[in-house]
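Single-structure report; data block below.
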Amino acid sequence: MAHDTVTTTRPLSLPEELILMLLNEQNGYFYQVPGWKLNCAVAGAVLAELCLLSRIDTDLDSLILVDRTETGDPTLDPVLEQIADEPVQRNSQFWIERLASQADSIIDLILDRMVDLKILEHHDGDFWTLALTHWHEDLSAVHQEGTVGQFVKTRVVKALFIEEIPDPRDIIIISLINTCDVFRFIFELDDETEERIKLICNMDAIGRSIADAVEHNIANPLLRHSALNKRIPTISLRYVLTSPHLRTGNVPALFAGLAERHGPVFAIRPPFSDPMIFLAGSQTNHWVHRHGRMHLRAGKYFVDFEKVYGAHGVLPSLDGAEHFRLRKAMGPAYSRSRLAGQLDDVYRFAREYMANWKVGEHVPVRSCRRMINAQLSPISLSVDSQDIIDNLMDFKERALTVHIIKALPKFMLGTPGMRRRSKAVDTLLERIRSVHTPAQRAGCPRNLAEDWLSLHASDPQLVPESNLRFALSASLVASVYLGDALSFAVYAMASQPALCERIQGEADALFESGDPDGKDLTQSSMDVTNRFLMECLRMYPIVPMSMRDVANSFVIEGYKIPVGSRVFIAQTASHYTEDDFPKPYAFDIDRYLPPRNEHLNPGYAPYGLGTHRCLGARWMDLQLAVNVLMIAHYFTLEVVPEAFVERLQFSPLPSMKPSRKLKFRIAERRRELPV
């Protein structure tokens, strides 16, 4: 992937240099510095930068305001203002303790700014990598090309290994990194280098005083455990069963109600079983998105499900560096641009499927899955799978229900019917292999199957042959999720005629002069349709919850979650809370217009959170929009039974979908489908 370059003329601040030094570009993560230790180091970097800018002065006993003039840096000026407004003179230790709780917002500002400056690239799933950049050092006036992180690291290397005399800025950075205890992960250290680090850390009075203050706060256990006195409220299963949302199957609304009554962390105690710990709300969403990678793991609960396909270490179950490598390698295969290059095929396959729709007939809601599969299968895998897709879907859903949700006993996956359906996986693989030969693929656009097969060939450790059975069939069974999202969108359109007319207007304008290409499908040309789909994903999220196992204990909203626990992250509960989405049960596409912009908060999470956020989210957005626009352009639909217009019923397991009782009546064919 080509990187844009940018010329930057200002030097980095100490907090920015600290963040860059902590980035491990091999896996897209930051070196795992425990939260309180990192917060103290960031606070120390802010104070040290203010010292170097002659705004404050500090020694081992005191911190003195020298000049309250703003620096123009949004990470520094709020801290400078707090120091200036403090009526009593304090020391560095006090201010690091005070500022440590603000470190998260400081880090967010730094990351956003470095992305804007093209110093960092932010990837879906909350990964960062260093961008290629032109960097101009003001002091030396030397023009260099590379990554800024490399330049920072080069200065540190010169100080540690070439024994150049470091300047005060480098001494402070080395002192702060040393307090974070990550030098051993960045470099191979010997006794001589460790002695050199100790020597450098004592060279500068400011650096020494800041580092000592950071160390003191890190060592003080009272600061880290002061909020661990809250007990997780436990709810009886009987109480949960009385919820009206459980009867309709609306899982996000169910957990929103529980969170509003019991708080963002609560447990449900099933009979004869350990309590199930739930996280629900925008605050817990924010924590999971930012910090989940350090404490939560996906692999353990996914093991039995993987075994059904003979796989181990597939994308949904991986964590850490291997997860990042696989996401990065497969990102282009699931990108919006990949789908945009094949829109002609999407239009053709969609029209072929809708050609059988006749005015007056009832279309079952499950047909939306088949409509999406009629497009995904040939585009992604170059095979037709309409004859086996129902078996593939049923088998995967039963495996999820047995091994992930554990709502059915294991023998239910081994019934004669399920064994028969499982054979569809092998049938699919045989079809894929039969058409993916060099001669048959010559001149064809690259597809998802080729990406998986070529990655297996080039890196069989990352994608072993045993995982292809899962990877290729799971790619196709994405028709389940995308198809169910389409069924909710068609329902929302059919049940709201006024909104349907506005979408039809956009569709007619786009298709007036022929099929639109990817460049025509812009934010402005699909404004109503995009906001309509965002509201569909809010009210009807397909995957409303996820599970993780606790690898490292943590504190969230004042509750301690112990290692070994399994947590259920109800990330879409906030879709139905008043604080995040006023009047949450009202379908309102204006939520996503300025100044409301209600989707720009952690409460909006239809595609998941953090490193396991859906890799194909942007592909899904485009394919959903295209299908909704095409249906609106050619047909007008009505909801059957009519009672569902006011109150839709859901089938919540193993993922959210409309009740099978829902059907769509073809009320009108607005224009003929081209042959």
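Numbers here simply count residues along the sequence, with the first being 1.
Here Asp116 does not pair with Arg113 in a salt bridge; the nearest charged N to carboxylate O distance is not below 4.0 Å. Salt-bridge annotation for Glu397 and Arg369: present, with a side-chain N of the basic residue lying under 4.0 Å from a carboxylate O of the acidic one.
Judged by distance alone, with hydrogens and angles left aside, the side-chain atoms of His289 form a donor-acceptor pair with the main-chain N or O of Gly610 at under 3.5 Å. For Arg290 (side chain) and Asp108 (main-chain N/O), no donor-acceptor pair under 3.5 Å exists by modelled atom type. Between the side chain of His456 and the backbone N or O of Leu468, no donor-acceptor pair lies under 3.5 Å. A donor-acceptor pair under 3.5 Å links the side-chain atoms of Tyr347 to the main chain of Pro516, judged by distance alone. Using modelled atom types, no side-chain atom of Thr572 and backbone atom of His575 make a donor-acceptor pair closer than 3.5 Å. Not one N or O on the side chain of Arg531 forms a donor-acceptor pair closer than 3.5 Å with the backbone of Arg591. With hydrogens and angles ignored, the 3.5 Å screen pairs a side-chain donor or acceptor of Glu506 with a backbone N or O of Asp527. At least one donor-acceptor pair under 3.5 Å links the side chain of Asn601 to the backbone N or O of Glu598. A donor-acceptor pair is defined here as one N or O able to donate and one able to accept, closer than 3.5 Å; such a pair exists between the side chain of Gln571 and the backbone of Val543. With hydrogens and angles disregarded, a donor-acceptor distance shorter than 3.5 Å links the side chain of Thr522 to the backbone of Ser525.
Rounding to the nearest 0.5 Å places CE of Met493 at 8.5 Å from CZ of Phe664. The CZ atom of Arg370 sits 13.0 Å away from atom CD1 of Ile372, with the distance rounded to the nearest 0.5 Å. Taking CG from Leu629 and CD from Gln504, the interatomic distance works out to 10.5 Å, rounded to the nearest 0.5 Å. Residue Met630 holds its CE atom at 5.0 Å from CZ of Phe511, rounded to the nearest 0.5 Å.
Counted by atom type alone, Asn447 and His436 present one or more donor-acceptor pairs between their side chains at under 3.5 Å. With hydrogens and angles left out, the side-chain atoms of Asp580 and Ser574 include no donor and acceptor closer than 3.5 Å.
By the 4.5 Å heavy-atom criterion applied to side chains, Asn373 and Leu392 are not counted as neighbours. The closest side-chain heavy-atom distance from Val425 to Lys396 is not below 4.5 Å. At least one side-chain heavy atom of Ile589 sits under 4.5 Å from a side-chain heavy atom of Val528. In this structure, the side chains of Leu510 and Met526 come closer than 4.5 Å at one or more pairs of heavy atoms. Side-chain atoms of Tyr353 and Ser367, non-hydrogen and from C-beta on, do get closer than 4.5 Å to each other. A 4.5 Å side-chain heavy-atom check between Lys663 and Val363 finds every atom pair outside the cut-off. At a threshold of 4.5 Å between non-hydrogen side-chain atoms, the residues Val463 and Met330 do not count as touching. Inter-residue side-chain proximity for Met656 and Pro252 is flagged as met; some heavy-atom pair is nearer than 4.5 Å.
Nearest approach of Gly603 to Phe581, heavy atoms of both residues: O-CE1, 3.8 Å. Looking at every heavy atom in both residues, Pro541 comes nearest to Arg538 through CD-O, 3.4 Å. When all heavy atoms are compared, the tightest approach of Asn627 to Ala350 is OD1-CB, 4.4 Å. Annotation for Val251 and Pro652: closest pair CG2-CB, 3.6 Å, computed over non-hydrogen atoms. Scanning both residues, Glu578 and Pro584, for their nearest heavy atoms gives OE2-CD, 3.4 Å. For the pair Ser422 and Arg469, the tightest heavy-atom approach, listed with the atom from each and the gap, is O-NH2, 4.0 Å.
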Subject >> Phe255 vs His245, side chain to side chain contact (heavy atoms under 4.5 Å, CB included): CA-CA, chis, key distance, verdict >> reply: CA-CA 9 Å; Phe255 287 108; His245 300 303; over 6 Å; no
Original post:
When you look at Ser487 and Val490, which way does the side chain to side chain contact (heavy atoms under 4.5 Å, CB included) test go after all the steps?
Top reply: CA-CA 5 Å; Ser487 67; Val490 173; 5.8 Å; no
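In this structure, Arg618 places its CZ atom where only 12 or fewer heavy-atom neighbours from other residues, nucleotides or ligands lie under 6.0 Å away. Counting heavy-atom neighbours within 6.0 Å of Gln386 CD, excluding the residue itself, gives a total above 12.
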Please list every donor-acceptor pair under 3.5 Å in which a side-chain atom of residues 667-675 meets a protein atom from a residue at least two apart or in another chain.
from: Glu668; atom 1: OE1; to: Thr636; atom 2: OG1; distance (Å): 2.8
from: Arg669; atom 1: NH2; to: Trp357; atom 2: O; distance (Å): 2.6
from: Arg670; atom 1: NH1; to: Asp508; atom 2: OD1; distance (Å): 3.1
from: Arg670; atom 1: NH1; to: Asp508; atom 2: OD2; distance (Å): 3.4
from: Arg670; atom 1: NH1; to: Ala632; atom 2: O; distance (Å): 2.9
from: Arg670; atom 1: NH1; to: His633; atom 2: O; distance (Å): 3.2
from: Arg670; atom 1: NH2; to: Asp508; atom 2: OD2; distance (Å): 2.8
from: Arg671; atom 1: NH1; to: Asp508; atom 2: OD1; distance (Å): 3.2
from: Arg671; atom 1: NH1; to: His633; atom 2: O; distance (Å): 2.6
from: Arg671; atom 1: NH1; to: His633; atom 2: ND1; distance (Å): 3.3

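The residue from Asp394, Asp426, Asp390 that alone fulfils the salt bridge (Lys or Arg N to Asp or Glu O under 4.0 Å) condition with Arg421 is Asp394. Residue Phe488 is tested with Phe587, Phe644, Tyr540 for a ring-ring contact (aromatic ring centres under 6.0 Å, His included); the sole match is Tyr540. Here the rule is side chain to side chain donor-acceptor pair (under 3.5 Å) with Asp319, and of Arg293, Arg548, Arg297, His612 only His612 fits it.
Residues forming a ring-ring contact (aromatic ring centres under 6.0 Å, His included) with His291 (at least two apart in sequence, or on another chain): Trp287.
Within the structure, the ring pair (Phe, Tyr, Trp, His ring centres under 6.0 Å) test picks out no pair touching residues 364-389 (sequence neighbours left out).
Ring pair Tyr309/Phe395 is perpendicular by interplanar angle, where above 60° counts as perpendicular and below 30° as parallel.
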